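Bear in mind the structure is a predicted one, so any value in this text is a computation, not a measurement. Each chain gets a letter, A, B and so on, in the order its sequence line appears, and its residues count up from 1.
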2 protein chains.
Amino acid sequence: MKKHSKPTILVVNDDGITATGIKALLEVMQEIGTVTVVAPDGPQSGMGHAITIGKPLRFSKVDLYEGVEMYKCSGTPVDCVKLAVNKVFKGKKPDLCVSGINHGLNNSINVIYSGTMSAAVEGAIEKIPSIGFSLDDFDSDADFSHCKKFIKQIALQVLEKGLPEATLLNVNFPKGDQIKGIKICRQANAKWAEDFDERKDPYNRPYYWLTGVFENYDKGEDTDVWALNHGYASVVPVQFDLTAHHVIPILNSWDLGNGEPEIERISGPDGTNLG
Amino acid sequence: MKKHSKPTILVVNDDGITATGIKALLEVMQEIGTVTVVAPDGPQSGMGHAITIGKPLRFSKVDLYEGVEMYKCSGTPVDCVKLAVNKVFKGKKPDLCVSGINHGLNNSINVIYSGTMSAAVEGAIEKIPSIGFSLDDFDSDADFSHCKKFIKQIALQVLEKGLPEATLLNVNFPKGDQIKGIKICRQANAKWAEDFDERKDPYNRPYYWLTGVFENYDKGEDTDVWALNHGYASVVPVQFDLTAHHVIPILNSWDLGNGEPEIERISGPDGTNLG
C-alpha cells in the first residue's frame, strides 16, 4: 500500500452480488479506501476452490451502490478473483482483498468447502493481502452491523502491517451484538457427519439432498469453535501450502522401490539429507 | 485394514466414470482388494473441494467393468466420496480411498483446484487412508500403463503402514515409460498466470474462457515440479488443516482491540501463553 493515498480494495463473496453480507462489507471498506466489487451473479456457497474450465464465463458491469465499481460474474468465487486481477485491475493488484461477509460460519474444516474463504485464498495466491469474513447467521436478512467495527480494525491492521508470505486471515463472528472481543485461534479439528435425504421425483426416480450435523472432536480452548461458542470473534491465520512437511521423513523410510529403479532420497524441510 | 482379509478399496476421480484413467486405477486396485467405484457421471475437473448444496444429487448403480461395484453421481468428486461413505459403505469405512488417475498433473498449487485431489482430501477427512494419482497427459486416451507398478507399490505401503493422522498422499507421474524412480517432495511454490480469452457470441455479447500459463517461482530441488521435470514420479504428503500456526504469535502482537473489549491472548501452538 502506498502511503498517503487511498488503498484500493477488492470485495468478493460467494452468496452473490445482491447479498446483504457483501453490502455490509463494502460499506465498511468505503470508509477505508476505493472499492471495487467482483461477485457471482447468484449463490455459489460450498463451491470451495472450484474454477470454471469446461464452459465460458459471463462477466459484466453492474450499478447497484453509489461510488462503487461493481461487476457480476457467472462463475465461482475464485473465478471472480481471477477476473478481477486480470480484467479489472489488469495486473496492478489491489492493496487488499476482502471476501464476505458470508451468511453462515466458515470455522474449522469449513474453510476448505467455503467459496468465501476460497476467494480469499485465491487473493493470497495472487499475493494480495486477503481476509475472509463470516457471520454465524444463514438468514438472507442477517444483521451484520455489530461486525463492522471489528472488520474495519482488522482490515486497517492488515493494510498497515501486511501479512506473512502465503498466508491470509479467516475471521468468523458470533451472532448477536454482544461480541466479547477477538481471539487469535487455530482451526478446530471438526467435521460434518453427513447424511443424504433421499426423495422421489414425480417420475418415481430417487434424488438426494446433502444434509448432516457438524461434529467437533477438539477439546482445545485455542480453537475457532471454542472462541465462537464463548462469544468471541475468531481470527485464524490460513495457509495454502498443503504440504505436510512433518510426514516427509516418514515417507522417506518407506519401501517404494519394489525392485524398480532406486528411490533417491532428497533433503528434508530442515535441510538435512534424509537418504 | 484387517489382516488376512482382502482390503476394501474406494476408487473415485474427477474426469468421470468412463475416463481411461479410472479404468487403469481400478485395474491395479483389483490386484490388491475388493473394489468399489463412485465417480461423477461427467467431467468435474477444476471443481476443487466443491460440494453440491443448492440442488439435489442423482446417484445410481452402473455396470461397466466385470467384478467391480460401480456408481455414478451427478455431483462433484467430493460429493462422490460423501455418497460412497454414507450410501455405499454405510459408515463401515473402506480400507483405502484412491482418486484418479487424473488426465493432467496436480502438482504444486494445483492440488487446491483439483477435483481428483479434493476427493482424496475428503477421504482423509473421513479418516480413510487416501491417495490421489495424476499423470502429465491431458489426452483422453493417455497411456497409464507405466504408472501401474508404482501405484500398486504405493497403495500396498499405505495399506501396510497407514498414514499419519489428517494427511494423505499426492502422487504425480511424468509422461512416458522412462520413470527414473519416486521422489518424496514438498509442493512447489508455483502458480497460474491467468489470462481470459474474450470472444463474442452470435448475439455479439462477450464471453470469456479461462486460460493461462503455469509459472514456477521455486528453485528448490526438493519440490514436485523439480522431480517431474527430471523424470521422477513425485509423492507429496498433504494436510487439510490450513492453520498457519507460525502466524499466531504475530497476530497476537497486533492491535485489534480498537478501544473495544480487550483482546484476550490465548496459548500458542507450543503451549506458551502469548498474552
**Q** Heavy-atom distance under 4.5 Å to chain B: side chain of Lys87(A), backbone, both or neither?
**A** side chain

**Q** Gln157(B) side chain to Asp255(A) main-chain N or O, any donor-acceptor pair under 3.5 Å?
**A** yes

**Q** In terms of heavy-atom proximity below 4.5 Å to chain B, should Val121(A) be classed as side chain, backbone, both, or neither?
**A** side chain

**Q** Heavy-atom distance under 4.5 Å between the side chains of Leu57(A) and Tyr207(B), does that happen here?
**A** no

**Q** Please classify the contact of Ile51(A) with chain B as side chain, backbone, both or neither, using a heavy-atom distance under 4.5 Å.
**A** both

**Q** So what's closer than 4.5 Å to chain B heavy atoms on Asn86(A): side chain, backbone, both or neither?
**A** side chain

**Q** Quick one: what part of Pro43(A) sits under 4.5 Å from any heavy atom of chain B, side chain, backbone, both or neither?
**A** neither

**Q** Distance-only, no hydrogens or angles: does the Arg199(B) side chain make a donor-acceptor pair with backbone N or O of Pro56(A) under 3.5 Å?
**A** no

**Q** Is a side-chain N or O of Thr167(A) found less than 3.5 angstrom from the main chain of Ala244(B), in a donor-acceptor match?
**A** no

**Q** Leu83(A) versus chain B, heavy atoms under 4.5 Å apart: side chain, backbone, both or neither?
**A** both

**Q** Any non-hydrogen side-chain atom of Leu242(B) less than 4.5 Å from a side-chain atom of Leu242(A)?
**A** yes

**Q** Which answer fits Leu169(A), side chain, backbone, both or neither, if we ask what part of it has an atom under 4.5 Å from a heavy atom of chain B?
**A** side chain

**Q** At a heavy-atom separation under 4.5 Å, does Asp224(A) approach chain B through its side chain, its backbone, both, or neither?
**A** neither

**Q** Answer with side chain, backbone, both or neither: which region of Glu122(A) has an atom nearer than 4.5 Å to a non-hydrogen atom of chain B?
**A** side chain

**Q** Hey, does the side chain of Arg58(A) reach the backbone of Pro206(B) with a donor-acceptor pair shorter than 3.5 angstrom?
**A** yes

